[in-house]
Each structure stands twice: as structure tokens, then as C-alpha cells.
Amino acid sequence: MQNTSFFKLTLVALIAVFFASCDKDYNEVGSDIIGDDHFGLVEDNTTTVVAYNQSLGAVQSNNLPINALGYYEHPVFGKTTASFLTQVGLQAANPTFGVTPTVTRVELSIPYYSTLTKTLEDGAHTYELDSVYGGYGNNFKLGVYESKYYLRDYDAATGFQEVQKYYSDQASDFTINPTRLNDDTISPTQNDEFFFSNGEIVTQEIDEHGEAKEVRSAPRMRLNLNATFFQDKIFGAGAAGKLINNNTFQEYFRGLYFKAETTSESTNPGSLAMLNFKAGKVTISYKVFVAEVPANGTTAAIPAHWDDKKLVLDLGGNTVNVFENEYNPAYVSSFTSPDKIAGDPLLYVKGQAGSMTVIELFSNTDVNQGYDANGVLIPGSNNVSDELDALRHPANGKQRLINEANLSFTIDAAKMDGSPEPNRVYLYDLDNKRPLIDYYSDNSLSANPKFNKVVHGGIIETKTVTIAGVKQKKGIRYKIRLTNHIRNLVKNDSTNVRLGLVVTEDIKTVTSGVLRNSFNVNPTPEFENPFTVDRVPLSSIINPLGTVLYGSNPSVPVNQRLKLRIYYTEPK
């Protein structure tokens, strides 16, 4: 009977995964794959869980795969200003320019993450921007400056043996030329009132036949930069020999600093976007003088004229994202004095230089070793939680078969009302800085790669509500399955590690970034000494969002409290 039940359970899960992988709506994926009745299995939700808040402080933020830019006031967490420093590089090293090169225009272009939503009859397109928080129309002050700070590849303090680390709180270290390069005085949207627009870009270009043609492209940042600066920097006397290769060029022209600031409007929440700066470029349009020359095969001459040319600089090389935060008092107090004994009532999980949740499964009580084969209790400490011993060695002497185990985090809907919510959270082995075995064993796929590993879960589950006649989806919970992790603890006597919960931008990214200041977590029966945490998943650093979840403290109502649910069968 047990084998038949287990086969049915596995079959239903596999069928659900197949249909979930075809579902394009991440909000519904993974919500109830196995179902609430669990096929009559015994449920145990009495296991002790302690979950508390932990501030991350400054995080390593150089050479991230994507970066944040903007100012945004989050209703729950407070104000964040994200600025960005990048090196620039020559697309083609050691360029030649011709006679009297004269800059006519300089344009900075960085594409946004966007989705094509409609193609109109006239060929125009409409787009929706991805990863923009605060709204398209909300503006902030943006300045682009020449950087005077050289970003090194390797750390001089280690004798250049280790890669250089830069942190999110180093904004004041990065010296800049105070003259703003995006100094257009005609359109304030170029600087003092910049905003992320989802409008299609339409330009006119001259083709090889000298005819004008219309070119359409997806939404992007387009800023006019100061032509005089680039005239001097690229074509001036000081540039001689500095364009021979990118190493020399990046020592000479050390990069661009994108500085975001709030506007003077106190009610403006601003906006912040995630950008792929590495796809950006600076296009320098210039003209060169061509003297009168004989035409090939004729006695006529081509009169003296000006030729139009372009030089392109890529936004490549080393980068640093910096965050300046003014957090709300309620958020700060959540991690100032965490309850590491009973757990916190509310868990604040925020990306970037935010906070995480530390989770400890099973109690710290260790006075018994479980039961022997005859059902006799064995007293004495063995550096294992008594609760875990009871699962491994129950009173009937027969080890339980773990069919499923999960942690379900209920969202505090009132606190998160009106706030953007993370699409996913990520649970990992905090002690060893790696994913759980359930992560590795889950090969399920989704139409959107960010929602792969749907069985392991962590994807937001929502319900649809109607507000002012508009249907909206509101988060309910995040559920994470750790069945194999619990099986290993029970069956294979694996070490009971502490767990970390963070928001994640990309489930496939499991590498870590360094914390500027490490912190200690509680000792446990299996780890008698406090444990030092010095890293956090990179996927959390690149996610600006956060969520508020109900925690494990006894003051939380039972139906909302964080619990470990274990479903098992016992051999007869």
C-alpha cells in the first residue's frame, strides 16, 4: 500500500510540474502541486522553527551581472538611491581620425529590459518595461560625470593576488569631475527630471544611397553628452598615445559615473530600474576635413569637403553599484534586536544592502537520544536536537518515511499593500553557502527561466482582487519544499545546518558576494560555537525588492505563523 501511495504521489507531482512548466503566469506556478490533503499522510507541524531578521549592511557590488539606477522610496523599507560607476572602452583600439576631427554630437544609449506588447498597423510598436519600480512617469535627478577613480582588477593590499572588491557603501570614495556631461538645457528629462520611458525610439538615418530612412528601436536611455568635453578628451593634445589599447585608455579616461538624486518634489517616490549597462555605448559623431583630391580615372577633382564619421565607446570593464539608504525606523528596528530564541514576529527580507532571515530547524534541547528498537528512551546528550532524534528514532522503533516537507511563509498583506513584491525567495544552506539538495534534484522547467525549479518553489503565490474596478494580483505566500533535505537529516544522519532566506533575482545564480562586515548566528547542538556569516547570495544583491513575512514567534496567530510541515508514513 505504501509503495502504491508513493507512486501516485510522484505521478501527480510530475504531471503538475509538466503543466506548470507550460504556464507563463509565474504567480500561479507551484502553488499547490501535491495538494492540501496529502493523500492521508500523517502531518507533523510541531517541530521547532526559529526565524529571525539579520541586517546585511554593505555588500560587494562590483561587476554585477545587472545593476540598479535611480531613486525610489519604498513604502515599507524606505529610500534608496542607486548610482553606478563604469569603465569605458574603445570598440576598436588605436583608431585613426583624419584631418581636423571635430565633434558634432555625443549620444549615450543604454537599452532597457522591455517586452513588445503590440505592433500597430503603421509599423509602430508598444512596449512594457521590465524591472522598473516606482512607475514610468516618476522622475529623479540624473547626472553623468567623468570618473577620476581608477577601478583596479586586483587588490594591491594582497600583493595583487586577489580580485579587487568594491562595496555598495563606497559612493564617497569615487572622485568625479564635477562638470555634468548630460548638460542639455533644452529638455530637463535629460537630467533634472529624468524618467524611464517605455516609448519606442524612432530616428532618421541616411542609408548608403543618401536617402533618409526611419529606424525604430526598443525603449532605451538616450542622453546628449557635452561635445566639448569629448572633443578635448578624445581628440585633444592630452589624448596622444592614450588610445593605443584599452588598458592605456582606461587609465587615461577612467570611466563614467551615473549619479542619481531625489528631486525637490517631496511627494515624488521616484523610480529605480535594473539595467544591463554592458549593452550601453557612447557614440561620438564627428567630421573630418578632406582636401581636394583627383578623382580616380578622371582629370576632375573631388572638391574639399567634410566627411561624417563615428567613434563608439562601450560601457565595459569594471563596474560598481553603490546604494545610499535612508531606511524607515520600523524596518531598522526589525533587525536591531532580533529575537534569536523564539524568533521574530515579522521577517523583513530585502535585497541589495538589505536584510535576510536566519532559520534554525529543530529545538536546541539535547538531553535524549531517541528510542531504541524496544521503545526505550535513551537519555544523554549526543549533539543532536531531541526533536530530530525523535524523528530518527521514534518510540515504535521504526524509522518514518518522509514523503514531503515544506516551509510556508505567509506574506503580511497589510504591510505589503501597494508595494512591488519579489517574484521569488531563495532558501539555502547558510553554514556551507550553497543550495539545498532539493535545489539540485529539481530539474523542472518553466516558460520563464527565472521560475525554473518550480517543485522546490519559493515562487510567489497570489490571489486576484479588484481595487477601484481594477483587477490586481496580491501576494499570499511563498512555499519552499525541502523534502530531500529533511530525508537526509532523518535517514542519513546528515548535519542539521542553519538556513538562510533571501530574495532572488535569478534562481540559477547561486554564487555569493562578500559582506563588508560579517555577523554571527546562534550556536546549535551540532554547532556549539557561534557561526560567522561573511557572504550572501549574489542573486539577492542584484534584487532591489523586499517582502514582509510572518515569522515564528508565538505571538503570531497560528494560521499565519511560520512552521515546518513534515508529511510521513510509518512502517507497520
Side-chain angles (χ1 to χ4, degrees), residues 86-111 142-147 177 179-187 189-191 201-217 220-246 248-258 277 279-317:
T86 179
Q87 291 180 317
V88 296
L90 298 162
Q91 267 197 356
N94 199 23
T96 56
F97 301 118
V99 179
T100 318
T102 303
V103 175
T104 56
R105 187 187 180 204
V106 182
E107 181 184 89
L108 169 70
S109 174
I110 303 171
L142 175 63
V144 181
Y145 300 89
E146 177 195 12
S147 172
N177 180 338
T179 302
R180 187 164 62 177
L181 298 179
N182 57 325
D183 57 355
D184 191 308
T185 58
I186 297 176
S187 174
T189 60
Q190 288 274 313
N191 36 59
I201 304 298
V202 181
T203 57
Q204 296 290 329
E205 294 185 5
I206 305 299
D207 63 19
E208 64 273 14
H209 304 296
E211 297 179 358
K213 64 176 182 178
E214 188 176 75
V215 177
R216 299 179 179 274
S217 54
R220 64 195 59 227
M221 177 190 294
R222 295 173 72 224
L223 300 179
N224 297 320
L225 302 185
N226 186 283
T228 302
F229 168 83
F230 284 91
Q231 177 73 50
D232 178 65
K233 198 72 181 179
I234 303 300
F235 304 113
K242 304 299 184 182
L243 282 65
I244 188 74
N245 56 50
N246 269 322
T248 303
F249 179 67
Q250 288 172 343
E251 172 64 39
Y252 165 66
F253 184 8
R254 297 189 168 184
L256 294 174
Y257 186 73
F258 294 73
F277 278 93
K281 59 184 62 180
V282 176
T283 302
I284 304 170
S285 299
Y286 65 99
K287 59 183 181 179
V288 295
F289 183 74
V290 180
E292 181 176 306
V293 295
N296 291 335
T298 70
T299 57
I302 299 176
H305 61 283
W306 291 87
D307 273 355
D308 293 324
K309 295 183 176 296
K310 292 182 179 180
L311 176 70
V312 179
L313 305 179
D314 292 323
L315 302 188

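Thr203 pairs by the side-chain contact (heavy atoms from CB on, under 4.5 Å) definition with Ile201, Glu205, Val215, Arg222, not counting sequence neighbours. Partners of Tyr145 by ring pair (Phe, Tyr, Trp, His ring centres under 6.0 Å), not counting sequence neighbours: none found. Taking Asn94 as the reference, nothing meets the side chain to side chain donor-acceptor pair (under 3.5 Å) condition, with sequence neighbours excluded. In this view, Arg180 and Asp192 satisfy the salt bridge (Lys or Arg N to Asp or Glu O under 4.0 Å) rule, not counting sequence neighbours. Listed by chain and number, the residues in a side-chain contact (heavy atoms from CB on, under 4.5 Å) with Asp307 are Val288, Val290, His305 (sequence neighbours excluded). For Thr189, the side chain to side chain donor-acceptor pair (under 3.5 Å) partners at least two apart in sequence or on another chain are Ser187. Listed by chain and residue number, Asn245 satisfy the side chain to side chain donor-acceptor pair (under 3.5 Å) test with Thr248 (two or more places apart in sequence, or in another chain). Residues passing the side-chain contact (heavy atoms from CB on, under 4.5 Å) test with Ala212 are Gln204, Ile206, sequence neighbours excluded.
Here the closest non-hydrogen pair linking Val106 and Val282 is CG1-CG1, 3.5 Å.
With values rounded to the nearest 0.5 angstrom, Leu90 atom CG is found 6.0 Å from Leu313 atom CG. How far CG of Leu223 is from CG of Leu142: 6.0 Å, rounded to the nearest 0.5 Å. Taking CG from Asn246 and CG from Leu243, the interatomic distance works out to 9.0 Å, rounded to the nearest 0.5 Å.
Counting only heavy atoms from C-beta outward, the side chains of Leu181 and Leu256 approach each other to under 4.5 Å. Counting heavy atoms from C-beta outward, Asp183 and Asn191 have side chains that stay 4.5 Å or more apart. Between Val312 and Ile284 there is no side-chain heavy-atom pair separated by less than 4.5 Å. Annotation: side chain of Leu108 is in contact with side chain of Phe258 (closest heavy-atom distance under 4.5 Å). Two residues are said to be in side-chain contact when any heavy atoms from C-beta on lie closer than 4.5 Å; Trp306 and Thr104 fail this criterion.
For the residue pair Asp314 and Gln91, a side-chain donor N or O sits within less than 3.5 Å of a side-chain acceptor on the partner.
Pairs of residues two or more places apart, or lying in two chains, never qualify as side-chain hydrogen bond (donor to acceptor under 3.5 Å, both in side chains) while including a residue from residues 279-290. Every pair passing salt bridge (charged side-chain N to carboxylate O under 4.0 Å, His left out) that includes a residue from residues 93-106 is listed here, sequence neighbours excluded: Arg105-Glu107. The salt bridge (charged side-chain N to carboxylate O under 4.0 Å, His left out) contacts involving residues 234-244 comprise nothing, where partners must be two or more places apart or lie in separate chains.
Checking side-chain atoms of Gln250 against main-chain N and O of Val88 turns up a donor-acceptor pair under 3.5 Å.
In this structure, Phe249 and Tyr252 have tilted ring planes: the angle between them lies in the 30° to 60° band.
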Show me the side-chain donor-acceptor pairs of residues 230-241 shorter than 3.5 Å, one per line, residues at least two apart or across chains.
unit_1 : atom_1 : unit_2 : atom_2 : d
Gln231 : OE1    : Val103 : N      : 2.6
Gln231 : NE2    : Pro101 : O      : 3.0
Lys233 : NZ     : Glu146 : OE2    : 2.8

